[in-house]
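A short worksheet on the structure shown next.
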Amino acid sequence: VTCEELSEMLTDFLEGELNEQQTDMAVAHLASCPHCETVLSLTRTLIESSKELGRVTLEPDHRAELLTSILKARKQ
Amino acid sequence: MVVEMGHRASTNDSRSVDPPSGLNSLIELFEQHVNGVYTVAHRIVWNVADADDVTQMTFLRAFLHMNELRDPSRAKAWLYRIAYREAIAVLRRRREVPVDPAELPQQATAATPESEVVAQELAELLGAAIERLPLSLRAAFVLRDVEGLSVSEVAFALDIGPSAAKMRVHRARAQLRQDLEDVLSDL
């Protein structure tokens, strides 16, 4: 597996959608390639950070206003 | 999940939604999914007023078309599909207006003051980087990696094939990783 091929496989690797042979090849490449290992690590950090921090938080008052508006519009 | 809707979805009743149970279902949907719907809306339209409109229209349309939700376990992806369409409609309608930073909602933050500052900064950098993504990649990324939909659910929400959805997620992650490399390396 080359670095370019590993890059193309990365999403399937993270999604657990590679077959056993492909997974073994990816793991072997990652073990011997610091660059691709770093790319994988950064991608995992990005995904974890996005789950934690990517969401836009609604304040309680704002949330209540939205529900009120929806219920009011529903009657119209 | 949203079990009450199963009965309605399984009937062929062509009348409008029964008021008491329909209202309960609407409120239940709202309570469970409003934060996610609002996030999808805001990440696409990037404007509080429009995000409010998209969120309201999403739940109103969901209420009106609840009988189309045949599988209650897909309520989340179904709502996000509606939200995405509403957000796209807003983008097509509106003229571009400058975003007032004061109008941007607060990001989720961590517990302690010090970590709160770091998390706030990271959230802002992440939000700005997501905003720089092309719309198609932005929507796929938010649905998959912020809201946690499966690739097949992302495909359903965006009305594209699973391969295209996966490719968009792949490209979005690559662009964000490059954009945020220095920040991510420090985490």
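Note that this is a predicted model, so its numbers are computed, not measured. In what follows, every chain begins at residue 1, and chains take the letters A, B, ... in the order their sequences are listed.
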(Q) Heavy-atom cut-off 4.5 Å, strictly under: side chain, backbone, both or neither for B:Val40 against chain A? (A) neither
Q.
Only pairs of heavy atoms separated by less than 4.5 Å count here; which of A:Leu10, A:Thr38, A:Asp12, A:Leu71 has the most with chain B?
A. A:Asp12
Q) Given that the side chain runs from C-beta out, which part of B:Gln178 has a heavy atom under 4.5 Å from chain A: side chain, backbone, both or neither? A) neither
**Q.** Nearest non-hydrogen partners of B:His170 and A:Ser7, listed with the distance
**A.** CE1-O, 2.9 Å
Q: Using a strict 4.0 Å threshold on nitrogen-to-oxygen distance, state whether B:Glu68 and B:Arg81 make a salt bridge.
A: no
Q: Answer with side chain, backbone, both or neither: which region of A:Glu8 has an atom nearer than 4.5 Å to a non-hydrogen atom of chain B?
A: backbone
Q: Report yes if some heavy atom in the side chain of B:Asp52 is under 4.5 Å from a heavy atom in the side chain of A:His62; otherwise report no.
A: yes
**Q.** B:Ala165 versus B:Val154, closest heavy-atom pair with distance
**A.** CB-CG1, 4.1 Å
Q: List the steps and the verdict of side chain to side chain contact (heavy atoms under 4.5 Å, CB included) for A:Leu30 and A:Phe13.
A: CA-CA 11 Å; A:Leu30 287 164; A:Phe13 180 77; 3.9 Å; yes
**Q.** Closest-packed option against chain A by number of heavy-atom pairs under 4.5 Å, given B:Asp145, B:Leu187, B:Val183
**A.** B:Asp145
(Q) A side-chain contact here means heavy atoms from C-beta on lying under 4.5 Å apart; do B:Phe30 and A:Arg63 qualify? (A) yes
**Q.** Residue, of B:Arg144, B:Glu181, B:Met57, that accumulates the most heavy atom pairs under 4.5 Å with chain A
**A.** B:Arg144
Q: Under 4.5 Å heavy-atom distance to chain B, tell me which part of A:Glu65 shows up: side chain, backbone, both or neither.
A: neither
**Q.** Selection from A:Thr45, A:Leu67, A:Thr43 maximising heavy-atom pairs under 4.5 Å formed with chain B
**A.** A:Leu67
